[in-house]
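Written out below as structure tokens is the structure these notes cover.
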Amino acid sequence: MTFDLQLILASKRAFRHELASLSIVEKLAMLDELRSRTLTLRAAREAAQDSSVLREDFTPYRVAAKSMPS
């Protein structure tokens, strides 16, 4: 993995260009696949909430209150 910002930005541009060059049919097929994955993940999340798996409670971070200027 690299942290070269110029390489990352160039890669993002190339990926965006590749996506933009796809036909509408290909884009809709990608959308269908993403929807299918979303439904699968949603079902898995709902099943996990109903299970008897022991889970820890969420503990929020404490944020110090900023003092108001006088």
Side-chain angles (χ1 to χ4, degrees):
M1 180 175 205
T2 181
F3 294 104
D4 180 2
L5 184 58
Q6 295 305 316
L7 185 60
I8 293 169
L9 294 175
S11 175
K12 285 181 153 199
R13 275 191 299 273
F15 185 67
R16 280 192 226 108
H17 181 66
E18 181 182 332
L19 288 176
S21 68
L22 294 175
S23 71
I24 189 70
V25 173
E26 292 170 308
K27 291 175 183 176
L28 290 173
M30 289 175 63
L31 186 59
D32 288 341
E33 181 62 31
L34 289 171
R35 174 134 175 85
S36 174
R37 289 180 185 186
T38 299
L39 294 174
T40 301
L41 290 172
R42 184 180 299 153
R45 182 180 63 216
E46 289 170 358
Q49 289 175 348
D50 295 337
S51 71
S52 60
V53 174
L54 179 64
R55 299 189 189 284
E56 286 188 41
D57 289 333
F58 171 72
T59 305
Y61 290 105
R62 293 183 187 178
V63 178
K66 293 182 180 181
S67 61
M68 297 294 292
S70 307

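A donor-acceptor pair under 3.5 Å links the side-chain atoms of Thr38 to the main chain of Leu34, judged by distance alone. Between the side chain of Ser11 and the backbone N or O of Leu7, no donor-acceptor pair lies under 3.5 Å.
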- Message: Checking Ser23 against Glu26 for the side-chain hydrogen bond (donor to acceptor under 3.5 Å, both in side chains) test, could you report, in this order, the C-alpha distance in whole Å, the side-chain angles of both residues, the deciding distance, and whether it holds?
- Response: CA-CA 5 Å; Ser23 71; Glu26 292 170 308; 3.3 Å; yes
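Hydrophobic cluster membership of Leu9, counting Ile, Leu, Val, Met, Phe, Trp and Tyr whose side-chain heavy atoms lie under 4.5 Å apart directly or via other members: Leu5.
Considering NZ of Lys12 and CD1 of Ile8, their distance stands at 8.0 Å, rounded to 0.5 Å. Separating the CZ atom in Arg42 from the CZ atom in Arg35 is a distance of 6.5 Å, to the nearest 0.5 Å.
Counting all heavy atoms, side chain and backbone alike, Leu22 lies closest to Met30 at CD1-SD, 3.5 Å.
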